[in-house]
Amino acid sequence: MIKFDDVYYEPESLTYPLGKQLKEQFAALPWIPIESHNSIKEMQEKPNSEFAQMKRNLIIGTRKTHKYVENHKVSDYLVPYTSSGCTAMCLYCYLVCNYNKCAYLRLFVNREQMLDRIIKRGNKSETPLCFEIGSNSDLVLENTITGNLLYTIPRFAREGYGCLTFPSKFHMVEPLLDLDHRGKVIFRMSVNPQPIIQQIELGTSSLARRITAVNEMCEAGYPCGLLIAPVILTENWKALYTELLEQLRDGLTEKMKKQMFLEVILMTYSYVHRAINGEAFPDNPDLYDRELMTGRGRGRYCYRTEQRAVAEAWLRDEIARILGDVPILYFS
Ligand code: SF4
């Protein structure tokens, strides 16, 4: 169980079944009432150097905005779901762009309402739609606290049309294996070389455990894919990614290798990340590389076009050489 120091909560959340459950689960911690999970002044005023300590707070509220964003990758829509933020601290985490240093875990207790909407939207469509429910957090991690996937997966399987999908960097899939999913949930495991996980994806599961977990999900009948993401062009990136691909070749089951697909995403970074990481994690690698990166608007950085082209060509060849004819859905 993840250890938290304090719970900040919107009082209304205690009227929901999940709110009541969480109140019991974390009864031993101080509960501090807040007006809105979006604006906790005390947190906003903390220095960047306290980023890691801030991640030890649990925030509980209800989700009020339910805007679906079109997406044209594995899913048709990105759907805000039961959590945002995370207890882990990947140094490139995209959520930091949205929440700045307030990228701690927020749980939204109105899950019935959110899943009702997804089911209704899917059932209204003539063609099956796929909903990405994990773009704001890591649902496998969240499930260890809330059990939300145990609620979501069987209910969507019974009542929903189309599919759900979510990615993860965590291995705690055991409770999901026996669920009645009817093949309607696509599980995507995110992978990176172990040295990158250790130094940059702080607080996430090891590569070996992620490989075991995705094998188990595949064996349990879930359609599964792998995200090689984000690809980080460190000094020795070629050697690291060759080793990763070889570990995938050797560690994934034949069943998984036959049915999987890949998504490959190069890292993006930002001014906000640099400011937070520089103060909160001064001893970890600096992901900003002036030579390789360029501005991408609104304080964001991405690898330069020529660098991206080199990385894409090299990775496509290396994937084909080591993993064979596995479909790459996109490279971005
Ligand atoms: S596991 Fe995902 S959500 Fe959590 S810090 Fe890492 S990138 Fe962000």
Side-chain angles (χ1 to χ4, degrees), residues 1-4 37 43 48 50-59 63 69 71 73-75 78-108 132-146 148-149 165-173 176 187-211 213-214 217 225-232 263-270 272-277 280-281 284-285 287 300-302 332:
M1 179 57 81
I2 301 159
K3 292 214 168 47
F4 294 104
H37 65 81
M43 297 289 162
N48 287 338
E50 283 191 32
F51 184 74
Q53 284 100 302
M54 287 170 72
K55 286 262 183 175
R56 291 176 58 93
N57 294 310
L58 177 61
I59 317 299
R63 197 186 269 290
V69 176
N71 190 36
K73 291 181 175 164
V74 176
S75 65
L78 304 179
V79 175
Y81 202 49
T82 47
S83 50
S84 68
C86 178
T87 56
M89 290 165 282
C90 302
L91 300 188
Y92 54 73
C93 178
Y94 53 101
L95 297 171
V96 167
C97 293
N98 300 342
Y99 302 109
N100 204 301
K101 63 192 158 208
C102 297
Y104 34 57
L105 180 62
R106 302 165 204 218
L107 301 176
F108 302 114
E132 163 68 83
I133 56 173
S135 61
N136 270 311
S137 63
D138 193 301
L139 295 184
V140 171
L141 175 82
E142 191 230 275
N143 185 64
T144 63
I145 303 168
T146 59
N148 273 341
L149 288 175
T165 184
F166 57 90
S168 184
K169 289 184 170 69
F170 288 91
H171 70 279
M172 300 81 89
V173 298
L176 314 182
F187 178 68
R188 288 140 57 226
M189 183 56 90
S190 172
V191 291
N192 240 329
Q194 180 58 28
I196 288 186
I197 292 177
Q198 237 157 284
Q199 292 191 301
I200 294 168
E201 297 183 346
L202 311 179
T204 64
S205 295
S206 68
L207 175 63
R209 294 183 108 174
R210 295 189 206 181
I211 292 175
V214 76
M217 288 295 273
L226 291 182
L227 279 141
I228 302 182
V231 173
I232 304 178
E263 300 161 79
V264 188
I265 305 172
L266 285 167
M267 186 185 74
T268 54
Y269 203 53
S270 74
V272 177
H273 287 107
R274 283 181 75 192
I276 293 177
N277 293 341
F281 307 106
N284 289 68
L287 298 181
R300 298 193 187 199
Y301 311 117
C302 66
S332 75

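Numbering of residues begins at 1 and proceeds along the displayed sequence. Each ligand, and each atom within it, is numbered from 1 in the order the structure gives.
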Does any non-hydrogen side-chain atom of [Y] lie less than 4.5 Å from one of [X]?
X: Tyr301; Y: His273; result: no
X: Asn284; Y: Leu91; result: yes
X: Glu132; Y: Thr165; result: yes

Taking backbone and side chain together, does Cys86 place any N/O/S atom at a distance below 2.8 Å from atom 4 (Fe) of ligand 1?
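Yes - counting backbone and side chain alike, Cys86 has an N, O or S atom under 2.8 Å.
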Tell me which protein heavy atom sits closest to atom 8 (Fe) of ligand 1, plus the residue, atom name and distance to 0.1 Å.
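Result: Cys93 SG, 2.3 Å.
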Nearest-contact summary for atom 2 (Fe) of ligand 1 - protein heavy atom, Å:
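Nearest protein contact, heavy atoms only, for atom 2 (Fe) of ligand 1 is Lys169 NZ, 4.2 Å.
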Backbone of Val272 reached by a side-chain donor or acceptor of Asn100 within 3.5 Å:
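Here the side-chain-to-backbone pair does not exist.
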Using a cut-off of strictly less than 2.8 Å, determine whether Cys90 has an N/O/S atom near atom 6 (Fe) of ligand 1.
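So Cys90 counts as coordinating atom 6 (Fe) of ligand 1, yes.
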Can you list the atoms of ligand 1 that are under 4.0 Å from a heavy atom of Leu95?
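Heavy-atom distances to Leu95 below 4.0 Å select 3 (S).
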Using a strict threshold of under 4.0 Å (side-chain N to carboxylate O), is an ion pair present between Glu263 and Lys73?
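No.
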